[in-house]
S.K.: 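Could you have a look at this structure, given as structure tokens, before my questions?
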Number of protein chains: 2
Amino acid sequence: MTADQRNAKLTEVAQRAGVSIATASRVLSGRGPASPASREAVRRAAADLGYVPHPVARRLAHGDGTRIVFAVRDRRTDILRDPFVTRAAAAMSVAAEPDGLGVSLRRLPLDAAAELESIAADRSVAAVVLAGHDRAMLDHLPAALRGRTAAIGAGGTDVDSAAGIGALVRHLYATGRRRIVLVGGPPWVAAARAPLHAYTELMRSAGLPIRVVPGDFTAARGRTAARIVLRRWPDTDAIAAVSDATALGVLQALAAAGLRVPGDIAVTGFDDIPLAAATHPALSTATHPVELIAVAATRAALGAPERGRLFPSRPVLRATA
Amino acid sequence: MTADQRNAKLTEVAQRAGVSIATASRVLSGRGPASPASREAVRRAAADLGYVPHPVARRLAHGDGTRIVFAVRDRRTDILRDPFVTRAAAAMSVAAEPDGLGVSLRRLPLDAAAELESIAADRSVAAVVLAGHDRAMLDHLPAALRGRTAAIGAGGTDVDSAAGIGALVRHLYATGRRRIVLVGGPPWVAAARAPLHAYTELMRSAGLPIRVVPGDFTAARGRTAARIVLRRWPDTDAIAAVSDATALGVLQALAAAGLRVPGDIAVTGFDDIPLAAATHPALSTATHPVELIAVAATRAALGAPERGRLFPSRPVLRATA
DNA sequence: CTGTTAGCGCTTTCAT
DNA sequence: ATGAAAGCGCTAACAG
């Protein structure tokens, strides 16, 4: 590999291989026919010259974009700093790297019609990954985005949160808890429906009271929610939150209220964030393979076949329940 | 704004405005002269057609890339899932979005010469942001990368960790601690030098023993480090870690050893991660504006003037010290 | 100030 | 199987 100063271009490779630029292109891009002979010649020439194709030129000729937009719908303006979002975005940035694609992060307001329209019109966008969406959003996607959009959450690639939360609630029940409160997700997020449904069904079939406080996945909301719970249902003996951050907020508020965990009240989270194991008492929760999901969604957005896969969630029982 | 089906191209805008494509380009790209008259005509035509420039074509003509590579040098293979990295990457993804640039994440081995060379040869790369680097790396940057590379950490954009750690150590001293151990960063990271130096100087000038255990910013290493400390220097009355994750690991190990914090041993972290406030006891630490730093580095890599800025770190005293 | 004319580097018909 | 040539959409010398 005779490393060259300036990057060689396709013309030079073709010249050196003694073929036309068209043939060189066919060989190097892997599309179209080429005789074994010229195939070999081009390969060697490219290697000799240390040829690196120009991805931008390639994409322009193809007519496709150079970046993946991860668009997160949320009312919180700081949602793009949320650990779930940053983890997913980072995983996407890793997954798309080999393709020469970068990822851009955008927040979408609850009504995102206009934003989606402008994203669709931006020719630098290769694909879009959505999160925090509702059904309407998925159904009214701009035509130009169809076929190159994937969603994380309900209707797309998601964690099997129903199974995860279900397992935790069942565990709470099995360990004697009967007044179990769910601190759920935001009502306007489609993905919040599944765990809520799982909880509701379990409680109903066990003949137990259904007690739900809506949340927003934050620790701050967890603190507030816990206070609401204590005031509204003083006999509560377990709180299941749909996010670890929320659960930690709950733990704080309970401690401040002088309650012992799990003695007085058991607490569970969801996500199994790294720090869930590092707190006192260590949090019982269920796994959430965010990175795997983000990568799957990215591939789906880029046209990979399998869509709408549900990733398993496994309960991790530590000290709080 | 007569929204059009297909994206209009510059030719059509020029045609509609009654000027040449060159003039239209000059007006729309903002470079080069143009009479107020044609300026206005082009603007209006573009608006009428809902013209959105083709960023990829633009970049090809300009000869510059379409993505920012955030390259993190570390021996840990899972470094790209580290909260610091994901936070920084996400912030960069937000910052670069308006420019139509995406970000890609890559891990670099300790000796990254070859990788940097290949990044330099990749024409899709607009700029590079480095982290976890050492001096040699910065000095031997491929020529093609000079002028479009910025670093997070020593020699680049960084938090003033010396001031932050210094303030915490001084606080420990002021509250009566005399056997203060530092759990530092990895020796092969340039950015780990500053806090170590700050600690060492303070201890030396106070006539106190210098006790350092190298770390790697992880909670696991914090646990190990704490055990080492207890064995090696049983009289230790304070442990200052250079990362919150590490400090949490330290807290765990101390709790497991039956020691009370801050009664027996005070503990401080660094970063002020959101969960630092949510643990029991709440962690005393110092702020680390990761997002601001990442954005500044991104701009620097893209050619903004100001480089090598140091961002302030403010102590946040909670319960552990 | 403005239009003409080459590119930017690669892909892809369309003949041969 | 292969080459010539026409784009992909925009930018930037270079004359006027």
Side-chain angles (χ1 to χ4, degrees), chain A residues 4 6-43 45-46 49-67 99-101 121-126 144, chain B residues 4 6-43 45-46 49-67 99-101 121-126 144:
Chain A
D4 239 295
R6 348 204 139 283
N7 299 38
K9 27 175 40 174
L10 192 54
T11 320
E12 310 173 34
V13 174
Q15 210 155 26
R16 180 162 219 208
V19 301
S20 80
I21 175 181
T23 300
S25 170
R26 280 189 282 255
V27 172
L28 263 16
S29 67
R31 341 192 180 216
S35 73
S38 40
R39 199 174 287 282
E40 174 57 21
V42 171
R43 287 253 149 77
L49 294 162
Y51 171 74
V52 178
H54 195 314
V56 183
R58 192 112 94 168
R59 291 235 148 71
L60 174 60
H62 261 169
D64 37 44
T66 60
R67 58 172 176 154
D99 293 336
L101 293 170
D122 184 335
R123 317 283 248 89
S124 76
V125 177
Chain B
D4 238 294
R6 352 203 138 283
N7 300 39
K9 27 171 48 172
L10 191 55
T11 321
E12 309 173 36
V13 174
Q15 210 155 26
R16 181 163 228 231
V19 301
S20 81
I21 176 179
T23 300
S25 170
R26 279 189 282 257
V27 172
L28 263 16
S29 68
R31 340 194 180 215
S35 73
S38 40
R39 198 174 287 283
E40 174 57 22
V42 171
R43 288 253 150 75
L49 268 51
Y51 172 75
V52 178
H54 195 314
V56 183
R58 205 134 56 181
R59 291 233 148 71
L60 174 60
H62 257 183
D64 37 44
T66 60
R67 59 174 176 153
D99 293 336
L101 294 169
D122 184 335
R123 316 285 248 90
S124 75
V125 176

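Numbered from 1 within each chain, the chains take letters A, B, ... in sequence-line order.
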S.K.: Determine: side-chain N/O of A/Tyr51 to OP1/OP2 of C/dG9, distance under 4.0 Å, yes or no.
M.R.: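 For A/Tyr51, the contact criterion (side-chain N or O under 4.0 Å from OP1 or OP2 of C/dG9) is not met.
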
S.K.: For D/dT2 and A/Ser20 - does any side-chain N or O of the residue sit under 4.0 Å from the phosphate oxygens OP1/OP2?
M.R.: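 Result: no.
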
S.K.: Tell me: CG of A/Asp64 to P of D/dG7, nearest whole Å?
M.R.: 20 Å

S.K.: Need to verify one output field. Residue with the more 5' nearest nucleotide on DNA chain C, A/Leu28 or B/Ala34?
M.R.: B/Ala34

S.K.: Would you say B/Asp122 and B/Arg67 make side-chain contact, with heavy atoms under 4.5 Å?
M.R.: yes

S.K.: For a 4.5 angstrom cut-off between non-hydrogen side-chain atoms, does B/Leu60 reach A/His54?
M.R.: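 Contact flag for B/Leu60/A/His54 side chains = yes.
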
S.K.: Measure the distance from NE2 on A/His54 to C1' on C/dG7 and round it to the nearest whole Å.
M.R.: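 The answer, rounded to whole Å, is 13 Å.
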
S.K.: In whole angstrom, what separates A/Leu60's CG from C/dT12's P?
M.R.: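 These atoms are roughly 12 Å apart.
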
S.K.: Using whole Å, report how far CZ of A/Arg39 lies from C1' of D/dA1.
M.R.: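 Distance check: A/Arg39 CZ to D/dA1 C1' gives 10 Å.
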
S.K.: How would you label the contact of A/Ser35 with the nucleic acid (heavy atoms, under 4.0 Å): base, sugar-phosphate, or nothing?
M.R.: sugar-phosphate

S.K.: Quickly work out the B/Glu12 CD to D/dG9 P distance and round it to whole Å.
M.R.: 9 Å

S.K.: Provide the closest heavy-atom pair for B/Gly63 versus B/Arg123 in the form atom of the first, atom of the second, distance.
M.R.: O-NH1, 4.3 Å

S.K.: Taking OP1 and OP2 of D/dC10, is either one under 4.0 Å from a side-chain nitrogen or oxygen of B/Ser29?
M.R.: no

S.K.: Could you tell me how far apart B/Leu10 (CG) and D/dA12 (P) are, to the nearest whole angstrom?
M.R.: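 Interatomic distance, CG of B/Leu10 to P of D/dA12: 12 Å.
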
S.K.: Touch check for A/Ala22, heavy atoms < 4.0 angstrom, all strands: base, sugar-phosphate only, or nothing?
M.R.: base

S.K.: With a 4.0 Å cut-off on heavy atoms, is A/Val56 in touch with a base, just the backbone sugar-phosphate, or nothing at all?
M.R.: nothing

S.K.: Starting at atom CD1 of B/Ile21, determine the distance to atom C1' of C/dC8, rounded to an integer number of angstrom.
M.R.: 14 Å

S.K.: For residues A/Arg58 and A/Leu28, report the shortest heavy-atom separation together with the two atoms involved.
M.R.: NH1-O, 4.3 Å

S.K.: Considering only D/dA12, C/dT2, C/dG9, which nucleotide approaches the side chain of B/His62 most closely?
M.R.: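 For the B/His62 side chain, the nearest candidate turns out to be D/dA12.
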
S.K.: Should A/Ser25 be listed as having a side-chain N or O under 4.0 Å from OP1 or OP2 of C/dT12?
M.R.: no

S.K.: Using OP1 and OP2 only, check whether a side-chain N or O of B/Arg123 sits under 4.0 Å from C/dG9.
M.R.: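 Answer is yes, contact under 4.0 Å.
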
S.K.: Are the side chains of A/Thr66 and B/Ser124 in touch, meaning some heavy atoms are under 4.5 Å apart?
M.R.: no

S.K.: Does C/dT2 have OP1 or OP2 under 4.0 Å away from a side-chain N or O of B/Thr23?
M.R.: no

S.K.: Flag the pair A/Leu101 / A/Arg59 as yes when at least one side-chain heavy-atom distance between them is below 4.5 Å, and no otherwise.
M.R.: yes

S.K.: Using atom CG of A/Leu49 as one end and atom P of C/dG9 as the other, report the distance to the nearest whole Å.
M.R.: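 Rounded to whole Å, this separation is 15 Å.
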
S.K.: Is the base of C/dG3 touched by the side chain of B/Arg26 through a donor-acceptor pair closer than 3.5 angstrom?
M.R.: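 By the distance-only test, yes, there is a pair.
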
S.K.: What nucleotide, of C/dT11, D/dA12, D/dC8, holds the atom closest to the side chain of A/Arg58?
M.R.: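 The closest nucleotide is C/dT11.
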
